[in-house]
Amino acid sequence: MWYLSVAMCVLTPSLAFADAAQPWQLSFQDPATPIMQGIIDLHHDIMFFLVFIIVFVMWMMMRTMYHFHHSRNPMPEKIVHGTTIEVAWTVTPSLILVAIAIPSFALLYSMDEIVDPAITLKAIGHQWYWTYEYSDYTTSDEESLVYDSYMIPDDDLEQGQLRLLEVDNRVVLPVNTHVRVIVTAADVLHSWAVPSLGVKCDAVPGRLNQASFYIQREGVFYGQCSELCGVNHGFMPIVVEAVQLDDYLSWVANKLEDA
Ligand code: CUA
């Protein structure tokens with residue numbers, strides 16, 4: 001009954017967020033950060049132009065094929081130049097491109113911006129799991145908070161867990177906080193990607209890449225490695241659990257105690 005759930009999501013968007021890939025999914029997962037909202041808005045902006053262009057080009061082609069069919073137009077015209085139309089069909093598309101470029105660049109540069117982060121998370125890609133490091137905190141033996149995150153194999157799944165998406169140790173982060181994520185890899189290229197957060201950051205061995213996000217609602221956000229990294233590329237998912245700041249702090253305290 002997927003169409004019922006689609007209808008539910010469309011009619012009552014606040015009741016059920018799509019924070020993981022869904023069967024028969026069309027379009028984006030629901031945004032949880034301003035950046036992802038911006039990406040979706042830009043997509044809609046561009047689709048507006050796209051629809052007009054497709055309709056206009058189709059209409060021109062249909063008209064041309066109709067009026068210049070050999071049965072209606074047996075003697076072809078000998079015109080090879082028309083300055084006015086040539087200027088028009090050069091200037092108009094360039095204006096459309098400018099109208100697309102302005103919001104596009106604004107979004108691109110805002111994604112690049114790192115706003116004075118309160119928390120730094122380090123994600124390290126391995127064949128085939130992620131290691132997470134919270135270097136803002138240290139345990140009693142001066143180690144930072146580090147743990148591995150593996151996919152739950154099919155046989156160990158519990159009721160309600162998402163196949164190929166759930167992990168044993170999730171990333172926990174607070175809502176309404178500027179978070180910086182530093183991404184790297186220990187062996188080959190990976191990519192740390194979470195659609196609802198609007199983050200897709202390549203994990204390159206020997207290099208630190210940086211992304212940032214500001215999660216606006218609580219939830220569990222699912223993502224996957226997004227760079228072909230070997231046979232288990234499809235089996236190193238990412239799960240980000242966004243909680244209130246209090247819950248985040250007690251989670252950190254517990255983790256530090258365990259370590
Ligand atoms: Cu790691 Cu694909």
Side-chain angles (χ1 to χ4, degrees), residues 17-33 35-36 39-40 43 107-108 111-112 114 117 119-136 143-158 160-173 179-215 219-242 251 255 259:
F17 284 114
D19 295 332
Q22 293 185 331
W24 294 91
Q25 181 185 339
L26 289 174
S27 190
F28 298 103
Q29 292 171 29
D30 288 322
T33 63
I35 290 293
M36 192 58 210
I39 293 171
I40 293 174
H43 167 266
L107 181 66
L108 192 66
M111 293 170 83
D112 218 25
I114 306 290
I119 290 167
T120 299
L121 168 74
K122 190 168 162 192
I124 305 155
H126 297 267
Q127 281 174 317
W128 288 277
Y129 61 97
W130 293 95
T131 299
Y132 295 108
E133 191 176 318
Y134 292 73
S135 8
D136 295 333
E143 300 278 328
S144 53
L145 186 50
V146 186
Y147 59 90
D148 295 337
S149 180
Y150 284 87
M151 187 193 78
I152 308 257
D154 284 10
D155 296 340
D156 300 344
L157 280 175
E158 282 169 25
Q161 288 187 328
L162 299 173
R163 194 178 80 93
L164 303 182
L165 285 177
E166 196 54 69
V167 297
D168 55 357
N169 292 306
R170 293 169 167 181
V171 177
V172 177
L173 289 170
V179 178
R180 165 173 58 179
V181 55
I182 288 174
V183 182
T184 187
D187 36 48
V188 298
L189 294 174
H190 301 270
S191 178
W192 199 82
V194 184
S196 286
L197 305 186
V199 176
K200 180 173 278 175
C201 190
D202 278 0
V204 184
R207 184 192 158 100
L208 293 175
N209 279 339
Q210 189 172 236
S212 72
F213 49 81
Y214 182 89
I215 308 175
V220 183
F221 306 104
Y222 291 86
Q224 288 170 300
C225 178
S226 298
E227 178 66 65
L228 283 172
C229 56
V231 289
N232 284 342
H233 161 63
F235 309 100
M236 50 181 297
I238 296 147
V239 184
V240 175
E241 194 175 333
W251 175 83
K255 275 280 182 189

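Predicted, not measured: the structure shown is a model, and the values here were computed from it. In listed order, ligands and their atoms are each counted from 1.
Here the options are Val199, Val179, Val171, the test is side-chain contact (heavy atoms from CB on, under 4.5 Å), and the partner is Val240; only Val171 passes.
Of the inter-residue distances, the one linking Leu165 atom CG with Ile152 atom CD1 reads 11.5 Å to the nearest 0.5 angstrom. In this structure, CE in Met236 is found 9.5 Å from OG in Ser149, a value given to the nearest 0.5 Å. How far NE2 of His190 is from SG of Cys201: 13.5 Å, rounded to the nearest 0.5 Å.
In Glu227, the N, O or S atom that comes nearest to atom 2 (Cu) of ligand 1 is O. Among heteroatoms of the N, O or S kind in His190, ND1 lies nearest atom 1 (Cu) of ligand 1. The nearest N/O/S atom of His233 to atom 2 (Cu) of ligand 1 is ND1.
Geometrically, Lys255 does not engage Tyr134 in a cation-pi contact, judged by NZ or CZ lying under 6.0 Å from the ring centre and within 45° of the ring axis.
Residue side and main chain included, Met236 places an N/O/S atom under 2.8 Å of atom 1 (Cu) of ligand 1.
Geometry about atom 1 (Cu) of ligand 1 gives an angle of 120° between SG of Cys229 and SG of Cys225, rounded in steps of 10 degrees.
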